[in-house]
Q: 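Have a look at this one before I ask anything.
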Amino acid sequence: MSVLSEPRFHDPLAALAHIESVLWPNGPVCPNCGAMDRIYDLKGKSTKPGVRKCGHCMKLFTVTVGTIMESSHLPLNKWLQAIHLLCSSKKGFSAHQLHRTLEITYKSAWFLAHRIREAMRDGSLAPLGGSGKIVEADETYIGRKKGWKPQRGGAHKMKVLSLVERGGNVRSMKMDAITVEDVTPVVRENVARESRLMTDEAKVYVPVGRELAGHEAVNHSAEEWVRGEAHTNTLEGYFSIFKRGMKGVYQHCSEKHLHRYLAEFDFRYNARSALGVEDRERT
């Protein structure tokens, strides 16, 4: 039986009950004052389902306050469908497809998808890697920067730097430029000093590589792809999925929204099946 056949994806009340069970496992919590007692259900023909009143601060609230669903007029079951579709589609799910599948306007689908991507952002400050661990670093170029015409060297393209801990998480950042001055602080902030760094032959990683436990590089221009443990194949695999999704599913991405698409692809990679996380848990 398909997951999408479950009641929470079709019945707004079942969706509300599901969200409450996830966000309030120990009962309702007032988002204004944090109280868990003296919370009263407000029931009536003119009262929206799920509205509660706090006996401490006397404010009304629902389970969606403080979530990406707050102030939305879309039924909660449509929200759950959209979240499931974006979490379970390996290469993404376009706003046009959401618009058709959920039978909502394209504008609503576009904002819905971006809100979900915003919730997918990790926000973790913990560095990748550690003692005895390997972190790969590589950059890629995609799309076209606004106002730039195609030219040699990729200056007109949007720039992405990704770091991945082998067997662990990936972290991707939109970059203004791929230079020593831009790359060094990013690697310093996101990679533990005890890690070994693996890159290609790009010289931008050399200075920061000296600060880590080790730095090895393979020479792609000489068709050297692997030398012992030195390779960037993990990131090449990640970039392959990312680019197939961006070109084949989303087709276009403006520079100001690129960080949200990166958050989406990072999220699915960091909660992948190989780590024991399946569609239901990821959603």
Side-chain angles (χ1 to χ4, degrees), residues 86 89-94 113-114 116-125 127-129 134-166 168-191 195 197-209 217-218 220-221 225 231-272:
L86 258 77
S89 302
K90 189 171 185 179
K91 299 181 184 69
F93 205 87
S94 72
H114 274 311
I116 295 170
R117 290 185 189 104
E118 195 64 28
M120 288 174 165
R121 292 176 69 181
D122 182 10
S124 173
L125 298 177
L128 300 172
I134 293 174
V135 174
E136 296 177 23
D138 200 4
E139 71 284 347
T140 192
Y141 301 84
I142 192 166
R144 183 183 301 177
K145 297 178 73 173
K146 188 175 181 180
W148 285 69
K149 295 182 179 179
Q151 54 187 282
R152 296 187 66 182
H156 63 288
K157 289 182 175 290
M158 295 182 287
K159 302 163 186 67
V160 173
L161 173 66
S162 289
L163 306 165
V164 65
E165 178 183 315
R166 286 191 191 164
N169 289 354
V170 69
R171 194 171 296 169
S172 303
M173 283 96 13
K174 172 187 168 294
M175 302 291 288
D176 293 325
I178 304 295
T179 65
V180 171
E181 291 74 16
D182 291 282
V183 169
T184 298
V186 171
V187 176
R188 277 181 186 154
E189 184 179 346
N190 291 280
V191 179
S195 311
L197 183 67
M198 303 296 172
T199 69
D200 59 17
E201 70 275 19
K203 301 300 183 184
V204 295
Y205 302 107
V206 173
V208 73
V218 287
H220 287 170
S221 60
W225 311 111
H231 64 78
T232 58
N233 292 345
T234 313
L235 273 183
E236 295 294 343
Y238 170 81
F239 286 150
S240 175
I241 294 172
F242 170 65
K243 288 193 170 183
R244 286 179 188 177
M246 295 304 294
K247 293 179 180 179
V249 177
Y250 295 125
Q251 299 181 22
H252 171 74
C253 166
S254 68
E255 189 175 7
K256 85 173 181 180
H257 293 301
L258 177 58
H259 68 286
R260 294 195 175 98
Y261 289 96
L262 290 171
E264 176 189 345
F265 284 88
D266 281 3
F267 172 81
R268 279 196 297 264
Y269 183 88
N270 296 339
R272 58 193 184 276

Q: Do Asp200 and Tyr205 get their side chains close enough for a donor-acceptor pair, meaning under 3.5 Å?
A: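 Asp200 vs Tyr205: no donor-acceptor pair found between side chains.
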Q: Between Lys159 and Asp176, which heavy-atom pair has the shortest distance, and what is it?
A: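 Where Lys159 meets Asp176 most closely, the heavy atoms are CD-O, 3.8 Å.
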Q: Check whether any side-chain heavy atom of Val164 lies under 4.5 Å from a side-chain heavy atom of Leu128, and answer yes or no.
A: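 Counting from C-beta outward, Val164 and Leu128 never come under 4.5 Å.
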Q: Please walk me through it: do Met198 and Arg166 pass side chain to side chain contact (heavy atoms under 4.5 Å, CB included)?
A: CA-CA 10 Å; Met198 303 296 172; Arg166 286 191 191 164; 3.6 Å; yes
Q: If you compare all heavy atoms of Val249 against all heavy atoms of Lys91, which two are closest, and at what distance to 0.1 Å?
A: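 Heavy atoms only, the tightest pair is CG2-O, 3.4 Å.
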Q: Using 0.5 Å steps for rounding, measure from the CZ atom of Arg268 to the CE atom of Met120.
A: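 If I round to the nearest 0.5 Å, the distance is 6.0 Å.
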Q: Shortest non-hydrogen contact from Val191 to Pro127?
A: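 Heavy atoms of Val191 and Pro127 come nearest at C-CB, 3.9 Å.
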Q: About how many Å separate CG of Leu235 and OG of Ser172, when rounded to the nearest 0.5 Å?
A: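 One gets 7.5 Å once the value is rounded to the nearest 0.5 Å.
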Q: Give a yes or no answer on whether the side chain of Asp266 reaches the backbone of Arg121 with a donor-acceptor pair at less than 3.5 Å.
A: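 No, the answer is negative, given that no donor and acceptor are paired below the 3.5 Å cut-off.
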Q: Can you name the residues that form a salt bridge (Lys or Arg N to Asp or Glu O under 4.0 Å) with Arg244, not counting sequence neighbours?
A: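 Here no residue qualifies.
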Q: Side chain of Glu136, backbone of Thr234: donor and acceptor closer than 3.5 Å?
A: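 Yes, because the side chain of Glu136 sits within donor-acceptor range (under 3.5 Å) of the backbone of Thr234.
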Q: Between atom CD of Gln251 and atom OG of Ser94, what is the distance when rounded to the nearest 0.5 Å?
A: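 Between atom CD of Gln251 and atom OG of Ser94 there are 8.0 Å.
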Q: Return the CE to CG distance between Met175 and Asp182, rounded to the nearest 0.5 Å.
A: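 Here the interatomic distance stands at 5.0 Å.
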Q: When you look at Met158 and Tyr141, which way does the side chain to side chain contact (heavy atoms under 4.5 Å, CB included) test go after all the steps?
A: CA-CA 6 Å; Met158 295 182 287; Tyr141 301 84; over 6 Å; no
Q: What is the minimum heavy-atom distance between Thr232 and His220, and which atoms define it?
A: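 Taking Thr232 first and His220 second, the nearest heavy atoms are OG1-CE1, 3.3 Å.
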Q: Can you tell me how far OG1 of Thr199 sits from CG of Leu163, rounded to the nearest 0.5 angstrom?
A: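 One finds 11.0 Å between CG of Leu163 and OG1 of Thr199.
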Q: Is a donor on one side and an acceptor on the other found under 3.5 Å between the side chain of Arg272 and the backbone of Tyr269?
A: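 Yes, the answer is positive, given that a donor and an acceptor are paired below the 3.5 Å cut-off.
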Q: Which is it for Arg188 and Val208 under the side chain to side chain contact (heavy atoms under 4.5 Å, CB included) test, yes or no, and what are the steps along the way?
A: CA-CA 7 Å; Arg188 277 181 186 154; Val208 73; 4.0 Å; yes
Q: At their closest point, which heavy atom of Ala263 faces which heavy atom of Arg117, and how far apart are they?
A: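 Here Ala263 and Arg117 meet closest at CB-O, 4.0 Å.
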Q: Would you call the rings of Tyr250 and Phe265 parallel, tilted or perpendicular, taking 30° and 60° as the class edges?
A: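 Correct class here is perpendicular.
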Q: Could you go through Phe239 and Asp138, starting from their C-alpha distance and side-chain angles, then the distance that decides it, and tell me whether this counts as side chain to side chain contact (heavy atoms under 4.5 Å, CB included)?
A: CA-CA 9 Å; Phe239 286 150; Asp138 200 4; 3.9 Å; yes
Q: Kindly compute the distance separating OG (Ser240) from CG (Asn233), expressed to the nearest 0.5 Å.
A: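 Here the rounded value is 11.5 Å.
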